[in-house]
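The structure under discussion appears below in the form of structure tokens.
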Amino acid sequence: MKYKNIKVMKHITFLLDDTIRPGAVFDLDGSLLHVNNSFCKEFVNDREENIKEFFINPTVNHWDNVFSNLGETENKTFEVHIRLVGNRVEIVKMHLEYFDDVQQVIALFDVPQSTVDKSDKTYIHAFRNSDSFMVVIDRDGIIYDVNDLHTSFFNLPKDYFIGKTVGAIVKLFPDNSELIFNYFKDVNLYGFAEITTKYIRNVNDVNYYQITTLYDSESQTYLVRMNDRTEEMAMEKRLAHSNSLSTIGELAASIAHEIRNPMTTLKGFVQLLKISATADTMKYLSVIDEEIDRMEAILSEMLILSKPGVNEKTTFSLGVLVADMIQVVYPKALMDGITITQKENILKDSLIVGDSDKIKQVLLNLFKNAMEAMTPGGNLSIFVNLDSPGKVILGVSDTGKGMDKRQLKQVFLPFFTTKSDGSGLGLPFVLKNIEEHGGTVIVESEVGIGTTFIVTFPSALGHATMKDTAEKRVLSL
Ligand SMILES: Nc1ncnc2c1ncn2[C@@H]1O[C@H](COP(=O)(O)OP(=O)(O)OP(=O)(O)O)[C@@H](O)[C@H]1O
Ligand SMILES: [Mg+2]
């Protein structure tokens, strides 16, 4: 291939075009004048104008010196990192010869043999198909190859890595860059090192990667292997979480029990006072009475929830259960500045069959997630209806941060969480229990707008009772 309109000696181009080694002619600035076919075939060429552009990490000053002193220098063979076709970076030997009369340089390159034997093929196959993200780094710290998991681990193209220094990997962990930098120092020192670190793709997507690096003295390369340990870390967290939960559960149960006794006494005395009350004080006593009932209802829920599952099947009203559970989360909503709206209509008729304690936990998980997705001013809206024949439908909507398509796909997967203290087991529990009750669940969400979970259960009545839907703001702040 001819570059500039500068004359290159005909016999040189003739000889160059005949050789199987990549060859090029350039002037003392490195400006290319001619390259042979083999050069075009072996090296990635985006129509570069200067030979220096083919060198990975060129120190321009260094090459300027080399080229301008070629007449005097004895050593005319150099090793350069060059990107080869197939997106691999190789150390290539470059022999230079300077022709004083025309002030041109001829370069011939020794590209390492690309033929691979069977065992190499097996190795390459294992490398390409590994479950781990693998990076091969040469002895000078230049990334030589990566397998195809670069997208799933880092959502970055191959080009981000190939030909770059190990600093490109350090940069991926900005929060832990010092740690990772020291890690690679350890690799240099001991030939092996392992670390587990956080990779933050975005605030909603935090992964834990275990990085193991090994130096192979025979091939003089470093092999970096990254495994996704996000699930295991979540499991460990979950275990720690569930231990603390069971302690909290036991504590809650004993407190609930202790509070119940004095409340029974209070209730008794309120009844006594009512006998001798005037019309005025009667009003206050009735309020006290109702409030005690509410406190008792909440305590009963706490006791039930802290008890291990009993798996009793009964027929119960989903609407009534929803109203009870709203009472349980109401104090938290109040604290968080969140309003709860209930489209209340068919409370009694929304009968389903199953384990009401399990369904209570399903509701709590859905309400809790919705409230955690919102900031003060948000609204949690809940409805139960019988609009579909033979079905009881529950809707839980929030005006929270919502989810993108990627998150939506994963919400029911165990251990998927975007919360630092989340277990990612809330929604898998929800799904499992809804399905065990013969129901289905669908989610709709939009980032910045909110999320809606629609749960459908088979009705215990087997037919629908249509009633007017009246939206009623039951709890507003
Ligand atoms: N209403 C919602 N709005 C926005 N994101 C949600 C909503 N519900 C669930 N998610 C997303 O789904 C993930 C999984 O929810 P899940 O309930 O299974 O676990 P978690 O809430 O993270 O943890 P835990 O339930 O143990 O507190 C959440 O981390 C969150 O990213
Ligand atoms: Mg949850």
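We count ligands from 1, going down the list as the structure has it; atoms in each ligand are counted the same way.
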Original post:
Quick one: does I382's side chain get under 4.5 Å of L380's, heavy atoms only?
Top reply: yes
Subject >> Y160 six-ring centre to K158 NZ/CZ under 6.0 Å and within 45° of normal >> reply: no
Original post:
Can an N or O of T417 be found at a distance shorter than 3.5 Å from an N or O of ligand 1?
Top reply: yes
Original post:
In terms of the angle between their ring planes, are Y209 and F153 parallel, tilted or perpendicular, with boundaries placed at 30° and 60°?
Top reply: tilted
Original post:
Checking only N/O/S atoms, does T417 have one that is under 2.8 Å from the Mg ion (ligand 2)?
Top reply: no
Subject >> Passing option when F453 is tested against V430, L427, I442 for side chain to side chain contact (heavy atoms under 4.5 Å, CB included) >> reply: L427
Subject >> Those atoms of ligand 1 less than 4.0 Å from some heavy atom in G426 >> reply: 16 (P), 17 (O), 18 (O), 25 (O)
Original post:
Any nitrogen or oxygen of G402, main chain or side chain, under 3.5 Å from a nitrogen or oxygen of ligand 1?
Top reply: no
Original post:
Mind checking whether Y199 and F173 have parallel, tilted or perpendicular rings, split at 30° and 60°?
Top reply: perpendicular
**OP:** Only heavy atoms count here, so choose which of K368, E372, M403, K419 is nearest to atom 20 (P) of ligand 1.
**Re:** K419
**OP:** Please find out if less than 6.0 Å separates the ring center of Y222 from that of Y144.
**Re:** no
**OP:** For ligand 1, find out whether one of its N or O atoms is nearer than 3.5 Å to an N or O atom of N365.
**Re:** no
Original post:
P428: heavy atom below 4.0 Å from ligand 1, yes or no?
Top reply: yes
Original post:
Near F416, which atoms of ligand 1 are under 4.0 Å from a heavy atom of that residue?
Top reply: 12 (O), 13 (C), 14 (C)
Subject >> Residue-ligand contact Q410/ligand 1, heavy atom below 4.0 Å >> reply: no
Original post:
What atoms in ligand 1 come closer than 4.0 Å to a heavy atom of L427?
Top reply: 9 (C), 15 (O), 16 (P), 17 (O), 18 (O)
Original post:
Can we call the ring centroids of F133 and F154 under 6.0 Å apart?
Top reply: yes
Original post:
Quick one: does V441's side chain get under 4.5 Å of L431's, heavy atoms only?
Top reply: yes
Subject >> Part of K401 within contact of ligand 1 (heavy atoms, under 4.0 Å) >> reply: neither
**OP:** With heavy atoms under 4.0 Å as the rule, classify the contact between V430 and ligand 1 as side chain, backbone, both or neither.
**Re:** neither
Subject >> Nearest heavy atoms of A193 and V187, plus distance in Å >> reply: CB-CG2, 3.7 Å
**OP:** Pick whichever of D398, D404, N369 has a heavy atom sitting closest to atom 17 (O) of ligand 1.
**Re:** N369
